[in-house]
Amino acid sequence: MRDKTTALIHHSYQPPEGFESPQAGVFKASTVIFPNVQAMRERNWKDKSGYTYGLHGTPTTFLLEERLCALEGGLQCVLTPSGLSAISHVGLALLQPGDEVLIPDNAYGPSRDLAAQTFKGLGITHQLYDPMDVADLRRRIGPKTRLVWLEAAGSVTMEFPDLIAQVRVCRERQVLCALDNTWGAGLAFQPFDLAPGLGVDISVHALTKYPSGGGDVLMGSIITRDEGLHLRIKLCHMHLGTGVGANDAELILRSLPSMALRYAAHDRTARLLAEHCLSRPEIAQVLHPALPDSPGHAHWQNLCGSEPGGAAGLFSIVFDARYSQAQVDDFCNALRLFKLGYSWGGPMSLVVPYELARMRTAWPTHLAKGTLVRFSVGLESAADLQKDLDQALATMHR
Ligand SMILES: *Cc1c(COP(=O)(O)O)cnc(C)c1O
């Protein structure tokens, strides 16, 4: 008889097959057991035909990858431990010393810093292009350009670019284009849809935002439709060893079914509040692509339509220039339901004041001069959020 110590590890009981429930199981593994040496030698870690090692996938991560492909209209997916790591993997997989990457001037800030600092150290250069001027993008694509990042709407300032024209320029110049699709989330528009003229090469998504929906998970995805491109990214992912935890993957799987409903609810409330802000005398400009005066509104309408669910729950305001930074800080501190915090997509509304002058190469002509504040609208009642904005604005007149 085996020692009990061994029997606890090599136990013969197997639970019956055929268990099925609404939520997927959580499979945790570093080690995966092979039936024999031949299977161990033959199994391919690069595809989903079997399992080789936890880093390369488990039933839990394979399920999440496939569901995200369905969401965004892609064919292959690589999961990474954060949205930012998804962005850095794309760069590391596709760029070599001597190459150049183009980034929109309103891109997610850490993505710009990654290019300006870490990639610069690797001999990879970058240029910032004007997201609202397709001719500027075309002009900047040169012989060294290997990758163009796209983002719609732009982080913080919410400009909606002519994405279709931008993708067309990349096609014409035969340069790969990668979209940061966190805002659209696979719901507002379809990044791989060739019918309106999109068809990006790569879609990156910070699952931290709407797919998580809880403000409690960090994860990113890289979705493609080209097998060769996917393998380059997958190989880089393997070399860097950046797997995701099964419990985190399960949290995203649990939240995905409610994502479209949550997204539409965030959208509806954000539009109500953005419109309300238009009527406030303290505010010089409201930035939300669904507002007719917001930069790129026509591009947004063309791609996303105008129904609820066509925009994320984000908007920014620019305070009239008569208000000092300190007064705007007081406004942010006076908010009770909107909490001070980064990220978005969770149930709780959030607010962040930004120093735009330090974030852009030049103050864009389409933006009013003043202090900018970005709201991420949660799932609270719209009436309560509006009251909270109004009471905080009232403190500015004391
Ligand atoms: C939040 C965000 C990211 C980064 O995601 P993390 O998971 O926080 O690293 C990337 N791009 C955009 C547009 C984002 O909003």
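None of these values were measured; they are calculated from a predicted model. Every number for a ligand or one of its atoms is a count from 1 in the order of the listing.
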Tell me whether the rings of F315 and H288 are parallel (<30°), tilted (30 to 60°) or perpendicular (>60°).
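Correct class here is tilted.
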
Taking the inter-plane angle between the rings of W45 and H56 on a 0 to 90° scale, is it parallel (under 30°), tilted (30 to 60°) or perpendicular (over 60°)?
tilted

Just jot down the side chain to side chain donor-acceptor pair (under 3.5 Å) partners of R112, sequence neighbours excluded, or say none.
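With sequence neighbours excluded, R112 shows a side chain to side chain donor-acceptor pair (under 3.5 Å) to D105, given in chain and number order.
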
Taking the six-membered ring for Trp, are the ring centroids of F319 and F331 within less than 6.0 Å of each other?
yes

Among all residues two or more places apart in sequence or in another chain, which pass the ring-ring contact (aromatic ring centres under 6.0 Å, His included) test with Y129?
none

Considering only Ile, Leu, Val, Met, Phe, Trp and Tyr, and joining two whenever side-chain heavy atoms are under 4.5 Å apart, list the other residues clustered with Y108.
V78, L84, I87, V90, L92, L94, L95, V101, I103, L114, F119, L122, I124, L128, L147, W149, L176, I202, V204, I222, L229, I233, L240

Taking a 3.5 Å cut-off between nitrogen or oxygen atoms, can you list every pair linking ligand 1 to the protein, with distances?
residue, atom, partner, partner atom, Å
ligand 1, 7 (O), G83, N, 2.7
ligand 1, 7 (O), T208, OG1, 2.5
ligand 1, 9 (O), G83, N, 3.2
ligand 1, 9 (O), L84, N, 2.8
ligand 1, 11 (N), D180, OD2, 2.6
ligand 1, 15 (O), K209, NZ, 2.6

